[in-house]
Amino acid sequence: MSTLTERDEPAGPDGTTARPVEVADGYRAGRTLPLRVELVRQLKRRRTYVMGAVLALLPFVLVVAFAIGGEPDRPGGRVNLMDTATASGANFAAVNLFVSAGFLLVIPVALFCGDTVASEAGWSSLRYLLAAPVPRMRLLWSKLIVGLGLSLAAMVLLPVVALAVGTVAYGWGPLKIPTGGALDPGTAAQRLVIVVAYLFVSQLVTAALAFWLSTRTDAPLGAVGGAVGLTIVGNVLDAVTALGDWRHFLPAHWQFAWADAVQPSPEWSGMIQGAAVSVTYALVLFALAFRGFVRKDVVS
């Protein structure tokens, strides 16, 4: 039979004196809301299956498009990455990442990280989770880790399916580089892993923005849409060349820096700068999310 013991409740933001509250013997804050429980909850949601299906179908759509469209026009004889899409499965996977990096991959990141806390508030279940009792920091960490994990899984799913579909459609071979040369299949696979890793890091800004908005609103669509909308604004601002070097402080400016990894001799400076900008913004936004949620009134 469990007994109750006393522990001090943390002092409030106004500096009021902490008062003892009763908790059951055996209660451990670190054991509440295990990651596997939160993961199963998120995997069972319909939007997870829909997002996975959209990403898995994209390679098939592109195969059909290339089959219908035939050989692309090449003005002035110039060749770009899209022109090499049908050269091999590796090229096809790289093209799928190229066409989706600017927008499509933003959506699952914003969805998985922006819907997580706001949906609980919208369902009025957030107050019951905290009364379980799940500490607020524990709840946020669990939801953030699962949200980032699902975002990474979405980014891995696309190139894996594209590589399989492209290999069946165009054969297994080296990754042909538009500027000349080729990477053998083993090296190409390693470079694609680097590309996916960089894309994940570059999308941390969107993830952090969506997560912060999720802690500020009870409307999941507002958090997801806000993150996607502000990401689009960043892309628009990066297209304004009049901003000059100020664009270097925009995460969108570095979103295609991963192209330097699929060269005979990879260049790392662009990816390092892009990763630094993304991580800096993300840390600030994550800190704001945790700080604001700890003080938020979830009862009213």
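Each residue takes its place number in the sequence, starting with 1.
- Counting side-chain heavy-atom gaps under 4.5 Å among Ile, Leu, Val, Met, Phe, Trp and Tyr, L57 is found in no cluster with other residues.
- Closest of all the heavy-atom pairs between Q203 and V109 is O-CG1, 3.7 Å.
- Under the 4.5 Å side-chain heavy-atom criterion for grouping Ile, Leu, Val, Met, Phe, Trp and Tyr, V61 is not connected to V63 through any hydrophobic cluster.
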Side-chain donor-acceptor pairs under 3.5 Å in residues 150-171, sequence neighbours left out?
unit_1	atom_1	unit_2	atom_2	d
S151	OG	G147	O	2.8
T167	OG1	L163	O	2.6

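- Within the structure, ring-ring contact (aromatic ring centres under 6.0 Å, His included) contacts touching residues 139-164 (residues at least two apart or in different chains) are W141-F290.
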Under 3.5 Å, side-chain donor or acceptor atoms of residues 92-99 against the rest of the protein: list the pairs with distances, not counting sequence neighbours.
unit_1	atom_1	unit_2	atom_2	d
N96	ND2	F92	O	2.7

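- A distance of 4.0 Å separates CG in N91 from CG in L175, rounded to the nearest 0.5 Å.
- By the criterion of side-chain heavy atoms lying less than 4.5 angstrom apart, applied directly or through intervening Ile, Leu, Val, Met, Phe, Trp or Tyr residues, L148 is not grouped with V40; the two fall into different hydrophobic clusters.
- Hydrophobic side-chain contacts under 4.5 Å tie Y49 to no other Ile, Leu, Val, Met, Phe, Trp or Tyr residue.
- Listed for the T48 side chain is a donor-acceptor partner under 3.5 Å among the backbone atoms of Q42.
- The minimum heavy-atom distance between F286 and A208, with the atom names listed, is CE2-CA, 3.4 Å.
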With side chain to side chain contact (heavy atoms under 4.5 Å, CB included) as the criterion, how do V54 and L58 come out once you've worked through the C-alpha distance, each side chain's angles and the decisive distance to 0.1 Å?
CA-CA 6 Å; V54 170; L58 177 62; over 6 Å; no

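- Note that CD1 of I107 and OG1 of T206 are 11.0 Å apart. Values are rounded to the nearest 0.5 Å.
- Counting only residues at least two apart or in different chains, ring-ring contact (aromatic ring centres under 6.0 Å, His included) contacts with residues 174-198 are absent.
- Side-chain contact, S202 with S278: no donor N or O sits under 3.5 Å from an acceptor N or O.
- For the pair S88 (side chain) and P174 (backbone), a donor-acceptor distance under 3.5 Å is present.
- Across every non-hydrogen atom of A101 and V106, the tightest pair is O-CG2, 4.4 Å.
- Here the NZ atom belonging to K44 is positioned 11.0 Å from the CG atom belonging to L39, to the nearest 0.5 angstrom.
- Residues forming a side chain to side chain donor-acceptor pair (under 3.5 Å) with Q263 (at least two apart in sequence, or on another chain): T179.
- Qualifying side-chain contact (heavy atoms from CB on, under 4.5 Å) partners for V201, counting only residues two or more places apart in sequence or in other chains: L204, A275, V279.
- Hydrophobic clustering, with ILVMFWY side chains joined whenever heavy atoms are under 4.5 angstrom apart, keeps W172 apart from L62.
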For residues 183-190, which side-chain donor-acceptor pairs fall under 3.5 Å, sequence neighbours excluded?
unit_1	atom_1	unit_2	atom_2	d
D184	OD1	G186	N	3.1
D184	OD1	T187	N	2.9
D184	OD1	T187	OG1	3.2
D184	OD2	T187	OG1	2.8

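- Applying the side chain to side chain donor-acceptor pair (under 3.5 Å) test to every pair with at least one member in residues 233-259, sequence neighbours left out, gives these pairs: N235-Q255, D238-H253.
- Rounded to the nearest 0.5 angstrom, M51 CE and F112 CZ are separated by 7.0 Å.
- In this structure, the separation between CD on E267 and CG on D260 is 6.5 Å, given to the nearest 0.5 Å.
- Looking at S142, its side chain does come within 3.5 Å of a backbone N or O of R138 through a donor-acceptor pair.
- When all heavy atoms of I177 and P264 are compared, the pair lying nearest together is CD1-CD, 3.2 Å.
- A210 and A227 make their closest contact through CB-CB, 3.6 Å (heavy atoms, listed as atom of the first residue, atom of the second, distance).
- In this structure the side chain of L104 reaches within 4.5 angstrom of the side chain of L55, judged on heavy atoms.
- Other members of the hydrophobic cluster containing L230, listed by chain and number, are L209, W212, L213, V284, L285, L288; membership follows side-chain contacts under 4.5 Å among ILVMFWY residues, whether direct or relayed.
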Passes side chain to side chain contact (heavy atoms under 4.5 Å, CB included), V117 versus F211? Steps please.
CA-CA 8 Å; V117 179; F211 192 72; 4.1 Å; yes

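- Closest of all the heavy-atom pairs between L140 and A289 is CD1-O, 4.1 Å.
- Heavy-atom contacts from other residues, nucleotides or ligands closer than 6.0 Å to CG of L221 number 12 or fewer.
- At a threshold of 4.5 Å between non-hydrogen side-chain atoms, the residues L243 and V240 count as touching.
- Expressed to the nearest 0.5 Å, how far CG of L139 lies from CG of L144 amounts to 11.0 Å.
- In this structure, V193 is not a member of the same hydrophobic cluster as V195, with clusters built from ILVMFWY side-chain heavy atoms closer than 4.5 Å.
- A search for side-chain contact (heavy atoms from CB on, under 4.5 Å) contacts involving P266 returns R191, W268, not counting sequence neighbours.
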